[in-house]
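Step one of this worksheet: look at the structure below.
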Amino acid sequence: MSRRLHELGVTESIARIVLRHADMNGAERVLKVNVRLGELAGIVDHFVSFYWDLVTRDTIAQGAELNFIKVPAKAHCNSCGEEFRIREYDLTCPRCGELAGEIISGREFLVESIEIE
Amino acid sequence: MDVEVLEGVFDANERIARENESLFREKGVLAVNLMASPGAGKTSLISRTLELLGDRVRTGVIEGDIASSVDAEKIKAYGVPVVQINTGGACHLDAAMIRQALEHIDLQLLDLLIIENVGNLVCPAEFRLGEGLRVMILSVAEGHDKPLKYPLMFSESQVLVVNKIDLLGLGDFDPAELRSTIRRMNPEMRIFEVSCRTGEGLKDWADWLVRRVEEGRRKP
């Protein structure tokens, strides 16, 4: 329940950003929206897509394709310098075994670009 | 035509959160964003903390709830300033709600502002309020596997208060397992084990909080 409600709010935020930029660029229609989404952002893209049609109804973004660019969770080891993929939220470095991982990607959640006409 | 946007979905909230943060810093107030699932003990922890802080710290409380003012009424009994925010259905507080609530609180008279977020382990983690400290509660009744189910909340919070430790042994909650999971995902996280019912462990938490307030205090 809370998760669904959660994605409704963020989908509205995406729509607000998209419509503002579409308007600033004199768009008549939005064809596609590219959203960059990190795997640590805690957002379920399936639910965002589900709400997208609802929140863009009767706007110039109605029918626009919502495309997610997934960003993997990665960390940099502050002990040995290794860059590694984070699995199960574990910041332990797989090379040196030190608990010294610092997240360098995976928290992204932004509207990257839109395609308009 | 392709148009570059590069705007974060939470940017609008982040901007207001930064304004709130500057205001807290300027007034020397430590703002605590207290998050947990419903029933974990947010209101109980605030009540017990107020009792333990006594006159040492001038505290105010913002109560966030989807509806009702039941919690605010409980806190008012302690004679501290309380502002109630009803989110009207929203599952989290946001920075704009806090800015509005601050119109009803004189920060000049406070050292500590405890903000009780809406009971939820998902949404509040994403909305900065301008707080100086993010504290979450996990109660023993909820199970030690929660960090992997709600990773954002556990990696974004700086303090974890494990509440209801008087219930340890009644279920399969394993504090060592919890600590080990937390250590791997958020090594800096400070953990307090308490029982708001028996009072166990609360003094350590309250004393630590007082030290944090003192570190941030700028007022004469």
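The structure displayed is predicted, hence computed values, not measured ones. First the proteins, then the strands, lettered A, B, ... as listed; each starts at 1.
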Note: vs chain A, highest number of non-hydrogen pairs under 4.5 angstrom among M185(B), M1(B), R183(B) is M1(B)
Most contacts with chain A, counted as non-hydrogen pairs under 4.5 angstrom, among E7(B), M153(B), H92(B), E4(B):
E7(B)
Would you give the length of the straight line joining atom [atom1] of [X] to atom [atom2] of [Y], rounded to the nearest 0.5 angstrom?
| X | Y | atom1 | atom2 | value |
| --- | --- | --- | --- | --- |
| S155(B) | L91(A) | OG | CG | 8.0 Å |
| D11(B) | L110(A) | CG | CG | 8.0 Å |
| Y89(A) | L152(B) | OH | CG | 9.0 Å |

As an exercise: rank N25(A), V35(A), I14(A), T92(A) by heavy-atom pairs under 4.5 Å with chain B and give me the winner.
N25(A)
Give a yes or no on whether Q62(A) atom CD has more than 12 heavy-atom contacts from other residues, nucleotides or ligands under 6.0 Å away.
yes
Does atom CD of Q100(B) have more than 12 heavy-atom neighbours from other groups under 6.0 Å away?
no
Which atoms of [X] approach chain B - backbone, side chain, both or neither, heavy atom under 4.5 Å:
| X | result |
| --- | --- |
| A41(A) | backbone |
| E108(A) | neither |
| R107(A) | side chain |
| R20(A) | side chain |

side-chain contact (heavy atoms from CB on, under 4.5 Å) for S13(A) and V9(B)? Distances and angles first, verdict last.
CA-CA 6 Å; S13(A) 300; V9(B) 176; 3.6 Å; yes
Test item: [X] and [Y] side chains (from C-beta on) under 4.5 Å apart, heavy atoms:
| X | Y | answer |
| --- | --- | --- |
| F10(B) | V10(A) | yes |
| E112(A) | V5(B) | no |
| V3(B) | M24(A) | no |

If every non-hydrogen atom of E115(A) is compared with every non-hydrogen atom of D2(B), which pair is closest and at what distance?
CG-OD1, 3.1 Å
Considering only heavy atoms, which portion of L6(B) lies under 4.5 Å from any heavy atom of chain A: side chain, backbone, both, or neither?
both
